[in-house]
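Here the structure comes first, spelled out in structure tokens, and everything after it is commentary.
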Amino acid sequence: MECTIRPARQDDAGDISAVILRALRETNARDYASEIIERVERSFSPDAVLQLIGKRTVFVAAIDGRVVGTASLDGNVVRTVFVSPDVQARGIGRLLMEAVERTARERSIPNLAVPSSISAETFYAQLGYRAVRDSYHGEERTIIMERSLADGD
């Protein structure tokens, strides 16, 4: 399995949307009520993802040309890190985060924050992020995690 990380293109929007929706429905649904998943899904239609590609630095992970993951950098905030459930736990998320962190370092961003789902908190902790506070949107709990990029951490 050769996974490549590259900048997202506009024509990736549909594939990115599909990866996000599948991860929400299959992975995040274990930790969140269906009404929360449905509300979050509305933010990731192909058209919404296309707009995000224009506003953020968006990366995709691809295996044999198939988009299997995504992550983005919005200022100093890591957003929309999702990996297709059929290839989770194979290092794809880590590769995406390495690309995001490398880009942040190139831009002299000293610290990154990530609003983590309950589902991904352990993943980010393994990458050196630490929980700093909880954030709530109605019943939806998000863990705000941060990591310093100083000294090549």
Side-chain angles (χ1 to χ4, degrees), residues 1-8 12 15-44 48-49 52-53 55-63 66-153:
M1 169 195 82
E2 170 107 16
C3 180
T4 58
I5 307 299
R6 62 170 173 78
D12 291 321
D15 292 336
I16 293 169
S17 173
V19 165
I20 293 171
L21 296 180
R22 185 167 174 212
L24 286 168
R25 293 172 184 157
E26 296 180 32
T27 304
N28 295 65
R30 296 180 213 140
D31 298 310
Y32 291 96
S34 60
E35 50 275 2
I36 292 173
I37 296 295
E38 290 168 11
R39 181 180 55 75
V40 174
E41 284 179 339
R42 289 193 288 273
S43 299
F44 296 108
V49 170
L52 292 177
I53 291 171
K55 294 177 185 173
R56 300 177 182 168
T57 301
V58 180
F59 296 95
V60 296
I63 297 174
R66 174 183 158 226
V67 173
V68 296
T70 188
S72 65
L73 182 62
D74 183 11
N76 75 324
V77 181
V78 179
R79 298 195 184 273
T80 57
V81 180
F82 290 94
V83 174
S84 187
D86 62 307
V87 293
Q88 287 176 357
R90 295 187 191 177
I92 296 167
R94 179 178 295 275
L95 291 172
L96 284 162
M97 289 299 293
E98 288 172 358
V100 166
E101 290 175 1
R102 186 171 41 257
T103 300
R105 283 187 181 96
E106 289 168 359
R107 296 177 182 172
S108 300
I109 297 171
N111 300 296
L112 287 177
V114 61
S116 172
S117 66
I118 296 166
S119 311
E121 182 178 12
T122 301
F123 166 72
Y124 293 115
Q126 290 171 343
L127 296 177
Y129 288 79
R130 60 180 178 77
V132 293
R133 71 179 181 283
D134 286 345
S135 175
Y136 290 89
H137 186 279
E139 295 294 313
E140 178 188 357
R141 175 178 167 236
T142 300
I143 304 100
I144 307 303
M145 302 182 77
E146 293 181 350
R147 178 168 184 239
S148 169
L149 298 180
D151 304 322
D153 288 343

Identify the two heavy atoms, one from [X] and one from [Y], that lie closest to each other, and give their separation to 0.1 Å.
X    : Y    : answer
A104 : L149 : CB-CD1, 3.6 Å
M97  : V81  : SD-CG2, 4.0 Å
I5   : A99  : CG2-CB, 3.7 Å
V100 : A71  : CG2-CB, 3.9 Å

Expected list for residues 123-131: side-chain donor-acceptor pairs under 3.5 angstrom, two or more places apart:
unit_1: Y129; atom_1: OH; unit_2: E101; atom_2: OE2; d: 2.8

[X]: partners by side chain to side chain donor-acceptor pair (under 3.5 Å), with sequence neighbours left out:
X    : answer
D12  : R6
R107 : T57
Q88  : T27

Report task. Taking the side chain as every heavy atom from C-beta outward, state whether N111 and E146 have any pair of such atoms under 4.5 Å apart. Result -> no
**Report entry** Any residue meeting side chain to side chain contact (heavy atoms under 4.5 Å, CB included) with P115, in chain and number order, not counting sequence neighbours
**Finding:** V77, R79, T142, I144
Got a second to check how far [X]'s [atom1] is from [Y]'s [atom2], nearest 0.5 Å?
X    : Y    : atom1 : atom2 : value
S34  : R39  : OG    : CZ    : 12.5 Å
N76  : L112 : CG    : CG    : 6.5 Å
S117 : L24  : OG    : CG    : 8.5 Å
S148 : I109 : OG    : CD1   : 12.5 Å
I92  : I63  : CD1   : CD1   : 4.0 Å
F82  : S119 : CZ    : OG    : 9.0 Å

Query raised in the report: Can C3 and R90 be said to form a side-chain contact (heavy atoms from CB on, under 4.5 Å), step by step?
Result: CA-CA 10 Å; C3 180; R90 295 187 191 177; over 6 Å; no
Query raised in the report: Does the side chain of T70 pick up a donor-acceptor pair with the side chain of T80 at under 3.5 Å?
Result: no
Query - Residues that E26 engages under salt bridge (charged side-chain N to carboxylate O under 4.0 Å, His left out), provided they are two or more places apart - result: R22
**Report entry** side-chain contact (heavy atoms from CB on, under 4.5 Å) between I16 and V60, worked out
**Finding:** CA-CA 8 Å; I16 293 169; V60 296; 3.5 Å; yes
